[in-house]
There are 2 protein chains.
Amino acid sequence: MALDDRKRMILQAIVEDYINTAEPVGSRSISKKTDLNLSAATIRNEMGDLEEMGLLVQPHTSAGRVPSTGGYRMYVDSLMEKYEMTAAEIDEMKKAATKKTLELEKIVRDVAAAFSGITGLPVIGVLPGTEASVVKNIKVVKIDSDKAMLIVSDKSGIIKNKLLHLKTDISDAFADDLSKILNENLSGLTISEINLSNIMEVQSVIGKNFEILASVMEMVHEAVLEIDTKQIFIDGLSNIFRFPEYGNVEKVKELFEVVEDKENLSKIIMEASVSTQTKILIGDEIPIPELKNNSVVLSPYRVSENITGILGVLGPARMDYPKIISALEFFTNQLSEALTNDFSDKKNQKLMIGKGDE
Amino acid sequence: MALDDRKRMILQAIVEDYINTAEPVGSRSISKKTDLNLSAATIRNEMGDLEEMGLLVQPHTSAGRVPSTGGYRMYVDSLMEKYEMTAAEIDEMKKAATKKTLELEKIVRDVAAAFSGITGLPVIGVLPGTEASVVKNIKVVKIDSDKAMLIVSDKSGIIKNKLLHLKTDISDAFADDLSKILNENLSGLTISEINLSNIMEVQSVIGKNFEILASVMEMVHEAVLEIDTKQIFIDGLSNIFRFPEYGNVEKVKELFEVVEDKENLSKIIMEASVSTQTKILIGDEIPIPELKNNSVVLSPYRVSENITGILGVLGPARMDYPKIISALEFFTNQLSEALTNDFSDKKNQKLMIGKGDE
DNA sequence: GTTAGCACTCAACAATAGAGAGTGCTAATT
DNA sequence: AATTAGCACTCTCTATTGTTGAGTGCTAAC
């Protein structure tokens, strides 16, 4: 059966109506709401066809229709119209995205929280992984007789640091030497290239002070490993209470249990992390059976060439895709802009997200 | 009316029964379950008295009784027996509390998560505030042409650090000088004593390089302020789904909304932070009306003399107080021990929570 | 002082009926 | 040939009603 123009329009109308009302859509209401000038009976025939094509589903015999995963997919791929944000909305978003913090993690988390507030949806965030960062500078700073801090930075300015507890006292000078040696041997490598054998090598370069070094090196290794793990978080989860589909505790409970497990979140992220543009997972396209009535929209943000994080939303499959997508991409763009500016330019002291036109 | 021994025993039996079943307790079940050898009718009379005294409440005419806030209060203050943990339980807890991380925040969060897992309750945690810490060492480390890191440590080793973005390039030597000056002028003060006028003073000590210094100082000030804010978090919230009292969405929603607002959490914490021992807030003793059917048990942990954090649980008022209290105090003790050891001793490289007898 | 007995109350549950929304099919209309 | 009106049918949802059972308060007997 062919999906002619009329069928497309009817499908679009049904999806959009269902997005708004969360109620199965009947033929009569489509007949009235669209300007197709068709009677309910005609719509009914068409709806029967659309159901046969697998784009609609009927919850029970005497109910209206609801989009299937395929129906939503058709909608987002070729039916929906791009949402144009109003000036007021852009303004509000800019305001929400403006943060004066300077730490990358905080910025991302704050922006994610703001985004959740604006969309009224739970937000998934992934902090930039550092495994692809090229180390530019390593420093060991003595803090106390038994403590030192390891500071690793890369060209774009991402800095991670870790407190080291030392078995033996070291001098300031020794810390400086250590920094120099580490720098000479490890800078230029990516984080993921720094492994134990690598560090051992550095160790063998210096013959003297072997024991002291051994423990420090071990800790450096641990520190680098730890830095390596991507961090996923979710915020604004309680937003799901807005949706009638989460009107009973079982559903809520299920969602919370699924989502509290980071394993699950990374499964979702995996699906999207290959792509460099916005990715939409609808219904059972999400690799977690419990989320089959939900959708996820994910969009990457950039910190530098190959360092990226992800921001996205999670919600019922009947989300307002055009609007969500616009808003999400706006936020990830702003985030990219802010982060690349701030973490590589020399100008800005305070971080301004937005194009600086205010 | 006097609260004689028999009434006390009956009250205790009712509270404990209600804690277990979450169902209003009837006279007949108390008559059977206790070894008082009293008929249901007698118990009924006594229950009538207890209700009159404000210790019990009847949800409706033909229902059993439920403890009132006063009833719970009476129970925790003078009725309940101390819960003795079994060796197996202690073992399990020790295992759960053993962490090899070295960062204070991570340790606390991990222990809190473990505690939530063991008690099956949501956990509230407060990271140690640093406002009372006496600054021992301040360091400015140059990272890049436009970035430096400020590292503040105190005697017990608590270290906070912050990335500074500089307007002007500085030399390594200048960073060293800056560290020296900051140290000479600010070490010995508590964090809360370091304020703007204080920093201005340092600034005036050095005449030259004024402009450069001005911006650095401003950032130092900001950094110190930021360090000052206590951090409250909540974990394991989805545990509340275990309780029948959260069987409908409205209740769950309400709880989530209350608890997501940090303002509310700090209100709760305020109530307890004066005390140096375990504090129990029951029902409407919690300064948040929405939580009137809940209780909070809070216990402080020590990092050093006057630096403390708080760990606690939140749950329905009918929680198993004796057990919760034992477990909570066990955990805060372990935490105190681990943190004071690790953050002041010179011995342990790895952090062992527990008495090291394994 | 304690207990048995009894009338009474009320929530919870199940069964039933009716309304309303929506469908599919058929026959009439354009 | 496509569209539409009409109608019987299906199924959910809501309200109503009756029934059950747990629990109480009171009174009179032990």
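First the proteins, then the strands, lettered A, B, ... as listed; each starts at 1.
Between the side chains of A:Glu260 and B:Ser238, at least one donor N or O sits under 3.5 Å from an acceptor N or O.
The distance between atom CD of A:Gln58 and atom C1' of C:dG24, rounded to the nearest whole Å, is 10 Å. Between the CE atom of A:Met47 and the C1' atom of C:dC25 there is a distance of 16 Å, rounded to whole Å. Put simply, CD on A:Glu23 is 11 Å from C1' on D:dC13, counting in whole angstrom units. For the pair A:Glu46 CD and D:dT3 P, the computed distance is 7 Å after rounding to whole Å. Here the C1' atom of nucleotide C:dG1 and the CG atom of B:Asp49 are 13 Å apart, to the nearest Å. Distance, A:Asn45 CG to C:dC25 P: 9 Å, rounded to whole Å. When the P atom of C:dA21 is taken as reference, atom CD1 of A:Ile30 falls 16 Å away, rounded to whole Å. Counting to the nearest Å, the C1' atom of D:dT24 and the CZ atom of B:Arg28 are 14 Å from each other.
Sorted by first then second residue, the side-chain hydrogen bond (donor to acceptor under 3.5 Å, both in side chains) pairs that include residues 56-67 of chain A, not counting sequence neighbours, are A:Glu51-A:Arg65.
Ionic pairing of B:Arg6 and B:Glu46 is present here: one or more N-O contacts between side-chain nitrogen and carboxylate oxygen are shorter than 4.0 angstrom. With respect to the salt-bridge test (charged N to carboxylate O, under 4.0 angstrom), the residues B:Glu89 and B:Lys323 qualify. Under 4.0 Å is where a charged nitrogen must lie from a carboxylate oxygen, and between A:Lys251 and A:Glu245 no such pair does.
Atom CD1 of A:Ile43 is separated from atom CG of A:Leu36 by 6.0 Å, given to the nearest 0.5 angstrom. The structure places CD1 of A:Ile30 at 12.5 Å from CZ of A:Arg28, a figure rounded to the nearest 0.5 Å. To the nearest 0.5 Å, atom OG of residue B:Ser68 and atom CE of residue B:Met74 are 9.0 Å apart. In this structure, CD in A:Glu285 is found 8.5 Å from NZ in A:Lys279, a value given to the nearest 0.5 Å. Between atom CG of residue B:Leu255 and atom CD of residue B:Glu257 there is a gap of 10.0 Å, rounded to the nearest 0.5 Å.
You'll find the side chain of A:Leu314 stays beyond 4.5 Å of the side chain of A:Leu121, heavy atoms only. Side-chain contact between A:Tyr321 and A:Ser295 is present, with heavy atoms from C-beta onward closer than 4.5 Å.
Applying a 4.0 Å cut-off to non-hydrogen atoms, the residues of residues 59-70 of chain A that approach DNA chain D are A:His60, A:Thr61, A:Ser62, listed by residue number. For the segment residues 2-16 of chain A, residues with any heavy atom less than 4.0 angstrom from an atom of DNA chain D are, sorted by number, A:Arg6.
Of the candidates C:dT3, D:dT24, D:dT4, the closest approach to any side-chain atom of A:Leu38 belongs to D:dT4.
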Protein-nucleotides 14-17 of chain D N/O pairs under 3.5 Å:
none

Using the 3.5 Å cut-off, write out each protein N or O paired with an N or O of nucleotides 5-7 of chain D and the distance between them.
from, atom 1, to, atom 2, distance (Å)
D:dG6, O6, A:Arg44, NH2, 3.3

For nucleotides 18-20 of chain D, give me every protein contact, N/O to N/O, under 3.5 Å, one pair per line with atom names.
none

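Of all non-hydrogen atoms in A:Ala2 and A:Lys7, the two that sit nearest each other are O-CD, 3.7 Å.
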Review point. Can B:Phe256 and A:Phe256 be said to form a ring-ring contact (aromatic ring centres under 6.0 Å, His included), step by step?
Key: CA-CA 12 Å; B:Phe256 273 79; A:Phe256 273 80; 4.7 Å; yes
Point to revise | From CA spacing to verdict: side chain to side chain contact (heavy atoms under 4.5 Å, CB included), B:Leu298, B:Leu311 | key: CA-CA 6 Å; B:Leu298 298 165; B:Leu311 196 65; over 6 Å; no
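Environment of CG in A:Asn37: sparse, with no more than 12 heavy atoms of neighbouring residues, nucleotides or ligands closer than 6.0 Å.
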